[in-house]
Asks: 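Just passing along the structure, written as structure tokens.
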Amino acid sequence: MTAPFLNDPAAVSWYEASARKRVVTLLDPGSFLEFIGPEQREMSPHLGIFDLPKQFDDGMIVGHGTLRSEKIFVAAQEGRFMGGAFGEVHGAKLTGLLRAALKADIQTVLILFDTGGVRLQEANAGELAIAEIMRALLEARAAGIRVVGLVGGRAGCYGGGGLISGCCSALVVSEQGRISVSGPEVIETNKGVEEFDSKDRALVWRTMGGKNRRLIGVADAFADDTVGSFRDATLALLEQPGRFDLDTLQAEQTRLEVRLERFGHCADAAEIWTALGIEDASAIPAMAAEDFVAIADRVQEASHDAR
Amino acid sequence: METLTFHHKTVTPAGGAKAQALVGVVASGNLEVLVERTLPPAECTVEIATTAHGFGDIWRAVVGDFVARYPAGGLRMSINDGGARPDTVALRLAQGVRLIEEDAL
């Protein structure tokens, strides 16, 4: 084996890897089999109208494989193709996967998010896809299936992707992963640069980046930027029971209300971290993953059992 | 969108046993190549869909060079191009042949 084809999960950067590389190295070696693969050429029916290039898998890879010998379903977005954005085919593949999980007696579905939201060139189809995916996801959860989202790609998880991630049973995030609905530029355009300066990268990362998302309980586990670390974090999450009932939802509603009350007045994420009881909040952004995980696990907001 | 198709007779069949391979991504300055082992062993076809019009001669040269230098017999190669430079195209084609040479699953 030569270097470009190395498949050691501990050596593969999640951020740098393609969606296919993430899937193949995340699952048990050789176990991944794709549904509606690129050879079927199920491509966007809309991009051609705009004379834009298509991709054979429309930026969405779906299939099945095993994770520590458990048969699971997996979906992965390719963030470099149109920013991983949702279009008609892209979305339908994920909707179909979630519906199929119900019939195939699957207990776990992983979604490897890497998306800027809905594809503008097929906005109506994309928005519909988001709604269909959320419905299919919640129906899967209601049937006892765990849907875990993994966020650590270059497009982050924005727009409709952010909404879908909020519906998941649990999320794993790395420092590079950003989770939000409106992106930095969108906020700045609508609310002004005083509200949010999208060119201030430290501000963007501090607010939407994986560390803040973990500390305020958006994400349930923090991974270092390797496929191996994502795999370990996912396996640890799957050890916990995946509840989805009225009590869970009411607990989540209460948690969010209290969180808003506690931190709603904060002007910066670092203020929230201080309020959470972290002694040196200014050290968080540069902190190594291992040290950060130890702190995050101690913070009560991050270790809730609602969602 | 401009579509180009090049048919070549080849001497050496592609190695390995994998049925297909996919390399690259459709992004600015990049391309994806889907490699499928579906043709008779002495043929190679390269199909290109590109939004950059008028570069047929350069594609012809890059594909001709690739078929002359790599064992591409039996391969149908389909390209979605995002405006890649000729050197990137050459590298992706070589990478595709290299990947399909791996053992079948």
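None of the values given here were measured: they were computed from a predicted structure. Each chain gets a letter, A, B and so on, in the order its sequence line appears, and its residues count up from 1.
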Asks: With a 6.0 Å cut-off (strictly less than), is the heavy-atom count around CG of B/Asp57, excluding the residue itself, greater than 12?
Replies: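 No, because the 6.0 Å sphere around CG of B/Asp57 holds 12 heavy atoms or fewer from other groups.
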
Asks: When rounded to the nearest 0.5 angstrom, what is the spacing between OG1 in B/Thr51 and CG in A/Leu47?
Replies: 11.5 Å

Asks: Taking all non-hydrogen atoms of both residues into account, name the closest pair between B/Leu34 and A/Pro38 and its distance.
Replies: CD2-O, 3.7 Å

Asks: For B/Asp87, does the CG atom sit with more than 12 other heavy atoms under 6.0 Å from it, leaving out its own atoms?
Replies: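 Check passes, neighbour count above 12.
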
Asks: I need the single residue from A/Gln55, A/Arg80, A/Met82 that forms a side-chain contact (heavy atoms from CB on, under 4.5 Å) with B/Val26. Which is it?
Replies: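 Only one option passes, and that is A/Gln55.
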
Asks: Please classify the contact between B/Ser78 and chain A as side chain, backbone, both or neither, with a heavy-atom cut-off of under 4.5 Å.
Replies: both

Asks: Heavy-atom distance under 4.5 Å to chain B: side chain of A/Glu78, backbone, both or neither?
Replies: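 For A/Glu78, side-chain heavy atoms alone lie under 4.5 Å from chain B.
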
Asks: Which value, rounded to the nearest 0.5 Å, describes the distance between A/Glu39 atom CD and B/Glu36 atom CD?
Replies: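 Nearest 0.5 Å value for the CD-CD distance: 6.5 Å.
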
Asks: Roughly how far, to the nearest 0.5 Å, is CG of B/Asn80 from CE of A/Met43?
Replies: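 The CE atom of A/Met43 sits 5.5 Å away from the CG atom of B/Asn80.
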
Asks: Using side-chain heavy atoms (C-beta onward) and a distance below 4.5 Å, is B/Val23 in contact with A/Arg20?
Replies: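 No, too far: nothing below the 4.5 Å cut-off.
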
Asks: Got a second to check how far B/Gln20's CD is from A/Phe56's CZ, nearest 0.5 Å?
Replies: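 Those atoms lie 11.0 Å apart.
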
